[in-house]
Amino acid sequence: MKRKIAAAAVAAVALGAAACSSSPTSTPAGSSGSQGLLSTSGAGKTITVWIMTDAQKGWPKVVAAANQEFTAATGAKVNVVYQNWTGYIAKYTSALAGSAGVPDVIEIGDTDTTTFAATGALTDLTSAKGQFDNSSTWLSGLEQSSTYNGKLFAVPYYAGDRIVIYRTDLWTAAGITGTPTTFADLTADLDKLEAKYGSGANFSAMLTPGEDWYTAMSFVYGAGGSIATQSGGKWSGNLESAQSQAGLQKWATLATKYSKGVNTVNEATQDSLAAVGNNVASIYGAGWEAGSITSATGSQVTADKLGYFQMPESAAFAGGSDLAVPTKATNAGLGAEWIKYYTSNAQMTSLANAGAIPNTTSLLSTFESGGAADAAMGPAVQNGSWVTPASTNWANVEAQHVLENMLQSIATGKSTTAAAAATADQQINSILNAS
């Protein structure tokens with residue numbers, strides 16, 4: 001999942017580390033050496049695991065505990081090589097196509113898993129599904145992303161969600177006494193903020209970056225629309241539909257009326273902007289971004305000034321990460337075994353205590369008890385979410401910035417939502433249907 005970890009999560013992981021001593025429910029078969037796809041024959045071997053720096057920053061003790069248990073059970077050592085999201089698809093594609101140095105486990109963003117599965121780069125884990133803890137209660141969005149043509153090619157890792165993070169002091173001073181439950185309520189509240197603070201040239205009642213397609217598409221799906229639909233094996237861009245247009249209009253209202261200075265950028269800098277002075281009254285972001293705001297260099301915002309609520313009339317993006325075993329991995333069976341330990345119920349509990357959404361609905365209450373932000377995110381993940389089109393060519397839509405270009409043209413006033421969507425639909429049709 002493309003994300004950063006809040007500083008608060010680093011401290012919180014220490015509280016959950018004690019729970020990491022338990023082995024997975026489906027314990028290794030003693031010295032039998034294998035369990036179908038999974039293997040415990042690791043004496044003298046070292047497996048290589050590629051996971052993102054999120055774990056290194058946010059839950060290093062969870063990684064260490066899983067490694068320790070895995071080594072004790074198999075005799076194999078673990079070499080964890082932390083990766084960065086930027087440029088990872090090109091790096092993975094090159095590595096998995098080679099004949100040497102292929103890692104035994106990889107972390108993949110959930111929007112990209114099917115792309116790798118479709119190329120034959122990932123091991124089919126279908127027959128081993130029952131050996132992974134909580135496989136019957138995996139989050140539906142993550143399980144969907146791990147599945148291609150009815151087969152399981154990855155194990156859900158953790159999820160992400162977005163909520164509104166707002167300055168309670170600014171909202172209260174503007175005369176707002178509650179949180180909105182409809183989009184009309186939201187814009188009425190934002191109007192009050194603009195009336196009180198809007199004379200400032202840089203004030204944003206709700207900072208809405210012009211290339212933040214996760215936010216825009218949440219409104220599209222919340223209105224009943226979608227990025228694309230499939231029929232008879234053919235994909236059709238759906239952003240011109242009435243439902244999608246209704247969602248885009250809501251996003252455009254936020255981006256053009258209540259946001260300043262960010263109509264040509266994505267959401268990467270919104271936390272640092274929200275940390276300075278009183279120029280930003282609210283953002284739409286992951287719950288952990290609250291920690292990024294309060295811990296940013298020179299931040300003038302403290303945790304007691306932040307509140308949270310679900311964005312009205314939007315659908316949560318089922319963002320997250322999956323764990324997979326490359327088909328060319330030298331130690332594929334041991335790689336699958338490591339995933340079993342790393343995603344055990346004990347490790348997922350620790351992950352939840354660290355502020356990350358675990359891969360199972362059975363532990364959402366643990367996650368939601370972590371604080372106000374977690375309490376706001378948990379229900380959205382379980383009750384309503386969307387994923388990108390399950391096309392093997394979807395990564396090319398992202399690589400060509402189709403959605404970002406569409407949204408920027410709307411945010412800058414260069415195109416209407418209808419015209420921008422028509423252009424994007426044409427590009428989506430071409431890319432998704434390419435052979």
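Bear in mind the structure is a predicted one, so any value in this text is a computation, not a measurement.
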Go through Ile410 and Met406 one step at a time and tell me if the side chain to side chain contact (heavy atoms under 4.5 Å, CB included) criterion holds.
CA-CA 7 Å; Ile410 295 171; Met406 174 189 71; 4.3 Å; yes

Evaluate side chain to side chain contact (heavy atoms under 4.5 Å, CB included) for Lys45 paired with Thr330, printing each intermediate quantity in order.
CA-CA 10 Å; Lys45 299 179 180 179; Thr330 302; over 6 Å; no

Kindly indicate, with the supporting measurements, whether the criterion side-chain hydrogen bond (donor to acceptor under 3.5 Å, both in side chains) is fulfilled by Asn393 and Ser391.
CA-CA 5 Å; Asn393 292 331; Ser391 165; 4.6 Å; no

Please evaluate residues Thr119 and Thr392 with respect to the criterion side chain to side chain contact (heavy atoms under 4.5 Å, CB included), reporting the C-alpha separation (whole Å), side-chain torsions for both, the decisive distance (0.1 Å), and the verdict.
CA-CA 8 Å; Thr119 64; Thr392 57; over 6 Å; no

Report the C-alpha separation of Thr208 and Tyr258 in whole Å, then their side-chain angles, then the decisive distance to 0.1 Å, and conclude whether the side chain to side chain contact (heavy atoms under 4.5 Å, CB included) test is met.
CA-CA 8 Å; Thr208 307; Tyr258 301 109; over 6 Å; no

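Remark: side-chain polar atoms of Ser94 are not paired, donor with acceptor, to backbone N or O of Ala90 under 3.5 angstrom. Here the side chain of Tyr221 pairs a donor or acceptor atom with the backbone of Ile227 at under 3.5 angstrom. Judged by distance alone, with hydrogens and angles left aside, the side-chain atoms of Gln270 form a donor-acceptor pair with the main-chain N or O of Tyr284 at under 3.5 Å. Using a distance-only test at 3.5 Å, with no hydrogens or angles considered, a donor-acceptor pair links the side chain of Thr360 to the main chain of Thr137. Of the possible donor and acceptor atoms, none in the side chain of Thr114 sits under 3.5 Å from a partner among the backbone N and O of Ala390. One N or O on the side chain of Gln245 and one on the backbone of Leu239 form a donor-acceptor pair closer than 3.5 Å. A donor-acceptor pair under 3.5 Å is formed between the side chain of Asn433 and the backbone N or O of Trp235. For Asn79 (side chain) and Thr48 (main-chain N/O), no donor-acceptor pair under 3.5 Å exists by modelled atom type. Remark: side-chain polar atoms of Thr40 are not paired, donor with acceptor, to backbone N or O of Thr74 under 3.5 angstrom. The backbone N or O of Asp169 sits nowhere less than 3.5 Å from a side-chain atom of Thr172 that would complete a donor-acceptor pair.
Shortest non-hydrogen contact noted between Phe317 and Val387 is CE1-CA, 4.5 Å. When every heavy atom of Leu139 is checked against every heavy atom of Ala159, the shortest pair comes out as CD1-CB, 3.6 Å. Residues Ala154 and Ser146 come closest through the heavy atom pair O-CB, 3.3 Å. Between Val62 and Gln347, the shortest heavy-atom distance links the atoms CG1-OE1, 3.5 Å. Taking all atoms of both residues into account, the shortest heavy-atom contact from Asn134 to Ser362 is OD1-OG, 3.7 Å. Val276 and Gln300 get closest at one heavy-atom pair: C-OE1, 3.6 Å.
Rounding to the nearest 0.5 Å places NZ of Lys340 at 10.5 Å from CZ of Phe70. A distance of 4.5 Å separates OG1 in Thr113 from CD1 in Ile108, rounded to the nearest 0.5 Å. To the nearest 0.5 Å, atoms CD (Glu267) and CZ (Arg162) are separated by 6.0 Å. Atom CD of Gln427 is separated from atom CG of Asn396 by 12.5 Å, given to the nearest 0.5 angstrom. For the atom pair CH2 (Trp338) and CD1 (Ile51), the distance works out to 4.5 Å, reported to the nearest 0.5 Å. Summarising the geometry, atom CG belonging to Asp322 is positioned 10.0 Å from atom CD1 belonging to Ile106; distances are rounded to the nearest 0.5 Å.
With no hydrogens or angles considered, a side-chain donor-acceptor pair links Asn238 and Ser226 at under 3.5 Å. If you check the side chains of Thr126 and Asp124, you find a donor sitting under 3.5 Å from an acceptor. No hydrogens or angles considered: nothing links the side chains of Asp212 and Trp251 as a donor-acceptor pair under 3.5 Å. Side-chain contact, Asp112 with Thr115: no donor N or O sits under 3.5 Å from an acceptor N or O. For the 3.5 Å distance criterion, the side chains of Thr343 and Asn359 fail to qualify, holding no donor opposite an acceptor. Side-chain polar atoms of Glu398 and Thr111 form a donor-acceptor pair below 3.5 angstrom. For the residue pair Ser299/Thr294, the side-chain donor-acceptor check at 3.5 Å is not satisfied.
For CD of Gln68, the number of neighbouring non-hydrogen atoms (other residues, nucleotides, ligands) closer than 6.0 Å is 12 at most.
Pairs passing the salt bridge (Lys or Arg N to Asp or Glu O under 4.0 Å) check and including a residue from residues 74-93, sequence neighbours excluded, do not occur.
Contact annotation: the side chain of Pro312 never approaches that of Thr181 to less than 4.5 Å [non-hydrogen atoms, C-beta and beyond]. With contacts defined as side-chain heavy-atom distances shorter than 4.5 Å, the pair Leu248/Met217 qualifies. Looking at Ser282 and Phe309, their side chains never come closer than 4.5 Å, going by heavy atoms from C-beta outward. Looking at heavy atoms from C-beta onward, Val402 lies out of side-chain contact with Trp213 at the 4.5 angstrom threshold. Counting heavy atoms from C-beta outward, Met206 and Ile283 have side chains that stay 4.5 Å or more apart. Annotation: side chain of Asp133 is not in contact with side chain of Met348 (no heavy-atom distance under 4.5 Å). Contact annotation: the side chain of Thr53 never approaches that of Trp85 to less than 4.5 Å [non-hydrogen atoms, C-beta and beyond].
Applying the side-chain contact (heavy atoms from CB on, under 4.5 Å) criterion to Thr147, with sequence neighbours excluded, gives Glu143, Leu152. In this structure, the side-chain contact (heavy atoms from CB on, under 4.5 Å) partners of Ala246, at least two apart in sequence or on a different chain, are Ala223. Annotation: side-chain contact (heavy atoms from CB on, under 4.5 Å) contacts of Ser236 (sequence neighbours excluded): Thr229, Asn429. In terms of the side-chain contact (heavy atoms from CB on, under 4.5 Å) criterion, residue partners of Ser272 (sequence neighbours excluded) are, by chain and number, Thr269. By the ring pair (Phe, Tyr, Trp, His ring centres under 6.0 Å) test, Tyr92 pairs with Trp50, Tyr88, sequence neighbours left out.
Residue Tyr166 forms a side chain to side chain contact (heavy atoms under 4.5 Å, CB included) with just one option from Leu193, Thr179, Ile176, and that option is Thr179.
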